[in-house]
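For the numbers below, each heavy atom of this structure counts, side chains included, while hydrogens, waters and symmetry mates do not. For reference, positions follow the sequence shown, starting with 1.
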Amino acid sequence: MQFQYLYETTGLTGVVLSVVWYILILAAGWKMYEKANEPGWKSIIPIYNTYTCYKFTWDTKIFWIYILCTALGEVLPSLLGSLVSLAATVLIIVQLYKLSKAFGHGVGFTVGLFFLRPNFLLILGFGGSVYLGKQD
């Protein structure tokens, strides 16, 4: 009975906090894209935001390879599909590293982006990070 009361009283608060958190993340992405000299609205369109992020951190050809790996990882049989999905994960990690380097951060920031992406997007968007351009 106590748990039901707790759920009923915190339900609306949880929803409100989730919406506020989501808006904060959207705003941070918008600011990050503006720092990278891209229009902020590109950060709120699914798939296109990832394409644009690849554009200002790496190469759009790699984005299409990533999409192909993701799609094939879902359709191919077990072991082969798992290996292709692993390749897509590696591409994500490299892209996050390139994003970190483009804003003047290193490997530690990449780890943060991988495991706590929303928090580190807040740092990129609202913090003192400056876009340095694509890093090789």
How far does CD1 of I25 sit from OG of S43, to the nearest 0.5 angstrom? 11.5 Å
Do F103 and K35 touch side chain to side chain, with heavy atoms closer than 4.5 Å? yes
For T52, all residues meeting side-chain hydrogen bond (donor to acceptor under 3.5 Å, both in side chains), sequence neighbours excluded: none
Can L132 be reached from F109 by stepping across I, L, V, M, F, W or Y side chains whose heavy atoms are under 4.5 Å apart? no
Nearest heavy-atom approach of K42 to Y48 is CE-OH, 3.3 Å
So if you build clusters from Ile, Leu, Val, Met, Phe, Trp, Tyr with side-chain heavy-atom gaps below 4.5 Å, do V19 and L122 land together? no
Ignoring hydrogens and geometry, is there a side-chain-to-backbone donor-acceptor pair from K98 to D59 under 3.5 Å? no
Shared hydrophobic cluster, I62 / L86 (ILVMFWY, side-chain heavy atoms < 4.5 Å): no
For the pair I47 and F63, evaluate side chain to side chain contact (heavy atoms under 4.5 Å, CB included) and give the outcome as yes or no after the intermediate values. CA-CA 10 Å; I47 300 173; F63 168 78; 3.9 Å; yes
According to a hydrophobic-cluster definition based on side-chain heavy atoms being under 4.5 Å apart (Ile, Leu, Val, Met, Phe, Trp, Tyr only), do L91 and L83 belong together? no
I need the Y66 OH to I92 CD1 distance, nearest 0.5 Å. 3.5 Å
For Q135, is the CD atom crowded, meaning more than 12 foreign heavy atoms sit under 6.0 Å from it? yes
Enter the distance from L96:CG to W58:CH2 here, rounded to the nearest 0.5 Å. 10.0 Å
Would you sort out whether L99 and M32 count as a side chain to side chain contact (heavy atoms under 4.5 Å, CB included), showing the intermediate values? CA-CA 10 Å; L99 179 64; M32 182 186 75; 4.2 Å; yes
Above 12 or not: heavy atoms from other molecules or residues under 6.0 Å from CH2 of W64? no
For the side chain of Y33 and the backbone of N49, is there at least one donor-acceptor N/O pair under 3.5 Å apart? yes
Keeping the roles fixed (side chain from T110, backbone from G106), state whether a donor-acceptor pair exists under 3.5 Å. yes
Can you check whether S85's main-chain N or O pairs, donor with acceptor, with T89's side chain at less than 3.5 Å? yes
Between K31 and L124, is there a donor-acceptor pair closer than 3.5 Å when you use the side chain of the first and the backbone of the second? no
Filter on salt bridge (charged side-chain N to carboxylate O under 4.0 Å, His left out), then keep only pairs touching residues 108-131, sequence neighbours left out; what's left? none
State whether the number of non-hydrogen atoms from other residues, nucleotides or ligands found under 6.0 Å of F126 atom CZ is greater than 12. yes
Is any side-chain heavy atom of I93 closer than 4.5 Å to one of Y97? no
Hydrophobic clustering (ILVMFWY, side-chain heavy atoms < 4.5 Å, transitive) - are L17 and L24 grouped together? no
Taking ILVMFWY side chains as joined if any heavy atoms are under 4.5 angstrom apart, and letting links pass through other members, which residues group with L72? L68, L76, L80, V84
